[in-house]
Enquirer: 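Sharing a structure with you now.
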Amino acid sequence: LISSFDDFGPPVHLNILPRAFDSLEMSEESKSSKEEIKGLDDEPDEIQLKLKSQESETYPIDKNIAMMSELIKTMWEGDKEEHEIPLPNVKSSILKKVMDFMKYHHTNPPKEIEKPLKSANMHEVVSEWDANFVEVDQETLFELILAANYMDIKALLDLTCAKVASMIKGKSPEEIRKRFNIQNDFTPEEEEAVRAENKWAEES
Amino acid sequence: MEGYISPVSSCDEEDEAEIAAILQEELQFDEVDINIHFHCEHCVKLKCKVWPKPGWSCEIISCPRNCGMRFHTCKLEEHDLMCSEVRVPCLNAGYGCPHTLPRCHMSRHLPRCPASVVVCGCERNRWIVTNRFRETTAPHRRHMMHFNPNDLDVSLALHDQALLNQLSMLGAEEASAATSATNRRFPVLPLHSPLTGGPRNLFHFKENNNRSKRSPSLVTDEEDLVPGLSGSVCAKLRRPSYSSGKLQHDASSTGVRSSLGEQGTSTLDEYFLQQCTHGVHQNMCRMCKHDAPLPMVQLKSVWREEWESNSDGLLEAHWCKQTRVNKVRRRGPLDTVMFYKVEDSDDELMAILAGDLDGNTVPAAAADSSEKRFSNLYAALTPAELRVELSFENYSKHQTKPRNMLTIQCLQVLRRDEFPSHYEAVHCALLGEGLEGRQLLRRCPLQSSGCPYSLLCMTAGTQNGEISFSPEMQAFGLKPHLDYEPPLPSDSSVSVQAAATGSSLILPTPLTESPLSPCPSLRPSPTPGSRGTSPAPILYQAAPLLTCLPQELLQYILSYLDGFSLCQVAQSCEVLALACAGLVRDRGLVLMYWRKEEATQQQQDQQAATTSYKQNKTRWVMGKPRWVFSSSFGSIDTWRVKEGIPSMADHLKTCPYYHRNVTGEKFSYGRVPPRSSVLPLLHLLTS
């Protein structure tokens, strides 16, 4: 026994740490016990939040997963008692997609998309799941962008904006206008100016 | 070994004096360190245990910016000079880069710094199509009657041809003055970088105009390529006499009669005008110095005999009066001196550019003033005709090109880290020579007979992208082929609905409100003038559009695009152009333009003291910075052969220019003797 102590003799400070952890755990348990006393049935780590969409439909989601959205995180930290988060700017269908995204990426953090885009093929830039996620029609795509902006989910914003950028990449102005249904509202002089790239002549 | 002081040497008196002098200098430099304690000056211990004493030593601190260094407190100021966390302006701040960043990030920033600009100087050469008898060195080709303007090489050729129109902006003498030893007839095109202004600038900003290949003193290519010198060289353009299109030469230049539209006391630099016709500054031209001056006797006209064949077939002489032809002494091949007619090149230029392929000289009335002459040219070269060769060649920059050849420079402005991909994609793969170059497009073998058929046989990258040519940007672009694109919105017509509470549009949140959130592009038939007085935002469409997104989201989307795409996006609509303008500081390039300024007398004196040239009455001043996007489109990793394309043989079966020559008769090389006489011979052979 003595020899084993010599071999694996734990340094003194290690003996302190487990006790510190114990104290922390005890405080957590006390907290959860308090919550249990309050009447919630959930485990401490699996608090369910309810996200309320524009059409007043609520969708449950794990708190940890919902923390991907900075907006929800701020609202939660502001009021820990409130479990229903209203999102009046987000439609139900969009909210469902956003929740799918958050659930998938809670465990798989997405890697950063390079700027500028190396390729217009989303399958080469992001993961397979992500590329399939954004193969939706244009309206949904834009609403996803606005939802990601509103809920402040950086990964979703990156993905959707990269997808739109891949649709713009390499097209001529006329094709861009046709694709996104934009009208040409330049005066001839302005058009000439932009073409000659004088428009960005800025003084220092 | 005489100057060598060995470390262990007897101190002579001279050495002592030297050492004393050195020490004296060091003491002078030590004045700077007056704020550093005596102990701390030479103490570099990280954990110095010396007790801090005021005036003698101080305590050790670690860097307040957390770079990890530890030093005495009195050295803090010195440490800031090299601390890696200190925010410093970029090294290229003098060239316009506005960024400030911690010193440790500098090396990462520099390849992507907006001020680290490279201008691509690759050239290509094209023959101008002409059938003139004199042009025996140029291959005889007919110009193409039919062609498809969407073909890549055709659009490039049309663009090069349009550059010729720039010559119409010049006067005749200026055009010939802009030539050089290697490009003897046509100046190198484009005359100015595409980013220093297109035709618009030619009308408004005359001083931003042409750059003569004949820069003073040194014909260095770098000077011609830097866009900053666009406001420069042809000082003749700033003269009021520009409108008459004639150049005022210095009195010592030969040949050209100068019309004194402007007095010699111009405040502008006469340096540029002191060029002789040989293409160098007259102070340096040995031909002007050593050759005999032209005789002062210049006859107006002479009587000469001309021989003609009359009706009998005999030669007959008759006398006729010939007027004087102005001649110019120019460098010929192998450094000889030759005489050329002055109007010679201009006549040819005019003839060629006016589409007169037969080589008839222009009637004298039209050749009156060069301005009238060249104003006809501007309308002459239309995209409907292709007057330059479709296939181009790559001559070396320093090689003398044939007279009938155009030289076109690439002149794309690129960031330093984008240049390799540009060179590889454009100049090696697309426009290059050799096996890998110009494989993209295959033409019918009967192209020289006029067949316009072409096949695009390769696609770029792993995504089967197409290469397009944008004439506005004068650059190539890559259009990737997307496997999946969302379907176009169903209602393509603009429908206006009032914003109801139940509308499906996501209204922008108050945080992201921008003055453009009411989409200007949705108003029915917007008139650009009324944009400023728009009604209150009640117009929303059922589906959100790209232009409905707030500005910062648009900028976020556009930050994923490359330079070429950004330029195209900016031309599409006002909102997107504004978004691009916001991005230009991050993704664009900054170009500094030099401009001329009149020098005060004091500056002139300074100049005179330092240089041996004549006093310049102007000086160069750094002008405004100018932000542009580069035209790079990323790198192309692979080129793939397109699948499913028809072969050229299929086309040749039906090509209308293919005149098959099928004879009905039998063919033999020699005369075959009749059969009856052959048999005895055969018998002889076999026996």
Side-chain angles (χ1 to χ4, degrees), chain A residues 89-91 113 115-124 135-143 145-147 149-150 157 161-162 164-187 190-204, chain B residues 96 195 197-198 200-201 461-463 465 468 470 472 477-480 482-489 492 504 506-507 509 512 520-521 526 528 531 543-547 549 553 556-562 564-565 568-574 577 581 584 588 624-628 633-634:
Chain A
N89 284 355
V90 184
K91 285 197 303 189
I113 302 177
K115 293 186 186 186
L117 279 178
K118 280 278 183 300
S119 151
N121 186 4
M122 291 307 288
H123 290 265
E124 290 173 16
E135 282 192 4
V136 293
D137 58 294
Q138 203 168 300
E139 180 179 339
T140 314
L141 195 57
F142 287 136
E143 302 209 355
I145 292 182
L146 288 167
N149 185 38
Y150 175 64
L157 191 63
C161 288
V164 177
S166 73
M167 283 157 54
I168 300 178
K169 188 169 153 89
K171 290 196 160 71
S172 72
E174 198 48 52
E175 288 167 353
I176 293 176
R177 287 186 204 126
K178 188 174 143 216
R179 187 85 193 74
F180 294 104
N181 201 9
I182 301 172
Q183 271 186 342
N184 181 8
D185 50 0
F186 281 127
T187 62
E190 285 175 350
E191 189 153 2
E192 195 57 44
V194 175
R195 193 175 293 163
E197 288 172 319
N198 284 336
K199 189 158 175 145
W200 302 308
E202 293 176 34
E203 305 189 35
S204 57
Chain B
L195 292 170
R200 177 173 172 266
N201 265 10
T462 52
Q463 259 218 302
S468 60
S470 158
E472 296 91 17
L478 176 65
K479 194 169 94 170
L482 294 174
D483 286 332
Y484 171 81
E485 273 199 59
L488 288 177
S492 53
S504 57
I506 298 172
L507 301 175
T509 61
T512 55
S521 58
R531 205 179 300 122
L545 292 188
L546 191 64
T547 43
L549 296 176
L553 276 185
Y556 198 71
I557 292 175
L558 295 178
S559 68
Y560 282 104
L561 290 176
D562 51 25
F564 180 78
S565 309
Q568 305 288 72
V569 161
Q571 291 174 31
S572 57
C573 88
E574 179 80 21
V584 80
K624 292 185 260 187
R626 186 184 167 133
W627 289 86
V628 294
F633 51 81

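Quick note on labels: first sequence line is chain A, next is B, and so on, each numbered from 1.
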Enquirer: With chain B, which of A:Gly170, A:Ser172, A:Ser119 has the greatest number of heavy-atom pairs at distances under 4.5 Å?
Expert: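 Answer, by heavy-atom pair count under 4.5 Å with chain B: A:Gly170.
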Enquirer: Return the minimal non-hydrogen interatomic distance between A:Pro173 and B:Ser572, and the atom names on each side.
Expert: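 Nearest heavy atoms, A:Pro173 then B:Ser572: O-CB, 4.0 Å.
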Enquirer: Based on non-hydrogen pairs under 4.5 Å, which of A:Ser166, A:Ala165, A:Ala162, A:Cys161 is most in contact with chain B?
Expert: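 Top count of heavy-atom pairs under 4.5 Å with chain B: A:Cys161.
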Enquirer: Return yes if some donor-acceptor pair links the side-chain N/O of A:Asp185 with the main-chain N/O of B:Glu574 below 3.5 Å, else return no.
Expert: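 Yes, because the side chain of A:Asp185 sits within donor-acceptor range (under 3.5 Å) of the backbone of B:Glu574.
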Enquirer: Got a second to check how far A:Leu117's CG is from B:Leu561's CG, nearest 0.5 Å?
Expert: 7.0 Å
Enquirer: Do A:Asn149 and B:Leu549 have side-chain heavy atoms sitting under 4.5 Å apart?
Expert: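 Not touching, per the 4.5 Å side-chain cut-off.
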Enquirer: Could you give the distance from CD1 (A:Ile113) to OH (B:Tyr560), rounded to the nearest 0.5 Å?
Expert: 4.5 Å
Enquirer: Which region of A:Glu174, side chain (C-beta onward) or backbone (N, CA, C, O), has a non-hydrogen atom less than 4.5 Å from a non-hydrogen atom of chain B, or is it both or neither?
Expert: neither
Enquirer: What option among A:Arg177, A:Glu175, A:Met122, A:Lys118 has the most heavy-atom pairs under 4.5 Å with chain B?
Expert: A:Arg177
Enquirer: Out of curiosity, A:Ile182 CD1 to B:Cys573 SG, how far, rounded to the nearest 0.5 Å?
Expert: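 Answer for the CD1-SG pair, A:Ile182 versus B:Cys573, is 4.5 Å.
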Enquirer: In Å and rounded to the nearest 0.5 Å, what is the CZ to CD1 distance from A:Phe142 to B:Ile557?
Expert: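 These two atoms lie 6.5 Å from each other.
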